[in-house]
Amino acid sequence: NMWLPMLGMTALPHIGGLYGGYITRKEVKTWYPTLPWTCLYTGMGYGSYLVWKELGGFTQDAKVPLGLYGLQLALNWAWTPIFFGAHKLKLALMEIVLLTGAVGATMVSWYPISQTATLLMAPYLTWLCLATSLNYCIWRDNREEKEE
């Protein structure tokens, strides 16, 4: 039965989204909750399921593509508490640059396995490029004399 892994892997990215929403609800009450996180998280989660299924589960061949996916997911979940929770703008910028690179590496590793899964990550990568630019501008415009 493939329904349980498909649903679990599709839902997994939402855990970080829910936690991120909890962290930011005190910080940003207007625009943040309206962002399209559900579509981005569902796309990446279902993409991971497609790769998992194509490779026959958590096999030796799945270590790199699903390992990179896990790395980018952990980096994704870490950014919100760093930026919104701790207000560490420079650290958040360094983290989101790593995150964007990890997403790109994930997509490269997925492409030979499932082009559909790779394309499901494209909106997320696009969003990260915008978010990285915003993070940079916020850091640049709010630097203090002493860096973090």
Side-chain angles (χ1 to χ4, degrees), residues 5-52 55 57-58 60-148:
M6 181 193 62
L7 292 174
M9 294 180 87
T10 301
L12 178 64
H14 293 276
I15 293 170
L18 291 171
Y19 178 67
Y22 174 77
I23 293 285
T24 58
R25 69 177 165 61
K26 296 179 219 164
E27 301 295 324
V28 181
K29 294 181 190 250
T30 56
W31 64 271
Y32 188 80
T34 65
L35 294 176
W37 297 115
T38 303
C39 294
L40 296 177
Y41 286 142
T42 301
M44 80 167 83
Y46 188 69
S48 74
Y49 165 74
L50 292 175
V51 171
W52 176 85
L55 295 175
F58 295 110
Q60 185 68 25
D61 290 340
K63 279 187 177 181
V64 170
L66 293 180
L68 286 169
Y69 172 75
L71 172 64
Q72 71 81 27
L73 194 58
L75 289 168
N76 175 296
W77 291 350
W79 183 84
T80 298
I82 295 168
F83 185 87
F84 286 107
H87 302 159
K88 299 290 186 187
L89 304 178
K90 183 178 180 182
L91 181 60
L93 177 60
M94 292 186 290
E95 199 275 354
I96 202 169
V97 168
L98 287 173
L99 169 57
T100 304
V103 170
T106 300
M107 292 173 72
V108 167
S109 75
W110 284 12
Y111 190 78
I113 301 160
S114 172
Q115 293 177 2
T116 301
T118 305
L119 291 173
L120 285 169
M121 293 286 278
Y124 176 43
L125 183 62
T126 303
W127 167 249
L128 281 174
C129 290
L130 174 64
T132 301
S133 298
L134 290 172
N135 192 155
Y136 169 75
C137 290
I138 292 168
W139 168 74
R140 180 196 65 202
D141 295 345
N142 293 284
R143 281 191 276 189
E144 295 183 15
E145 294 296 319
K146 275 188 151 178
E147 286 296 327
E148 302 155 14

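Keep in mind the model is a prediction, meaning the values are calculated, not measured.
A distance of 12.5 Å separates CG in Leu71 from CG in Leu66, rounded to the nearest 0.5 Å. Here the CE atom belonging to Met44 is positioned 11.0 Å from the CG atom belonging to Leu120, to the nearest 0.5 angstrom. Annotation: the span from Cys129 atom SG to Leu134 atom CG amounts to 11.5 Å, rounded to 0.5 Å. Expressed to the nearest 0.5 Å, how far OH of Tyr49 lies from CG of Leu12 amounts to 15.0 Å. Rounded to the nearest 0.5 Å, atoms OH (Tyr124) and OH (Tyr41) are 6.5 Å apart. Taken to the nearest 0.5 Å, the CE atom of Met6 stands 9.5 Å off from the CG atom of Leu50.
Closest approach of Gly45 to Ser48, counting heavy atoms only: O-OG, 2.7 Å. Of all heavy-atom pairs spanning Leu125 and Gly104, the tightest one is CD1-N, 4.4 Å. Gln72 approaches Thr106 most closely through the heavy-atom pair CG-OG1, 3.8 Å. Closest of all the heavy-atom pairs between Ser109 and Pro65 is OG-CA, 3.4 Å. The two residues Ala62 and Leu55 come nearest to each other via the heavy atoms CA-CD1, 3.6 Å.
Between Glu95 and Lys88 there is no side-chain heavy-atom pair separated by less than 4.5 Å. The shortest side-chain heavy-atom distance between Leu68 and Trp110 does not fall under the 4.5 Å cut-off. Taking 4.5 Å as the limit, every side-chain heavy atom of Asn76 sits out of range of all side-chain heavy atoms of Pro13.
No donor-acceptor distance shorter than 3.5 angstrom exists from the side chain of Thr10 to the backbone of Leu7, with no hydrogens or angles considered. Checking side-chain atoms of Thr42 against main-chain N and O of Cys39 turns up no donor-acceptor pair under 3.5 Å.
In this structure Thr132 satisfies the side chain to side chain contact (heavy atoms under 4.5 Å, CB included) test together with Leu93, Ile96, Val97, Thr100, sequence neighbours excluded. Take Ser133 and apply the side-chain hydrogen bond (donor to acceptor under 3.5 Å, both in side chains) test, not counting sequence neighbours, and it matches no residue. Leu98 meets the side chain to side chain contact (heavy atoms under 4.5 Å, CB included) test with Leu75; sequence neighbours excluded. Contacts of Tyr111 classified as side-chain hydrogen bond (donor to acceptor under 3.5 Å, both in side chains), with partners at least two apart in sequence or in another chain: Gln115. Residues meeting the side chain to side chain contact (heavy atoms under 4.5 Å, CB included) test with Pro123, sequence neighbours left out: Leu40.
Note: Tyr136 and Trp139 have tilted aromatic rings, judged against thresholds of 30 and 60 degrees for the angle between ring planes.
Among pairs with a residue in residues 60-69, those fulfilling side-chain hydrogen bond (donor to acceptor under 3.5 Å, both in side chains) read Gln60-Lys63, at least two apart in sequence or across chains.
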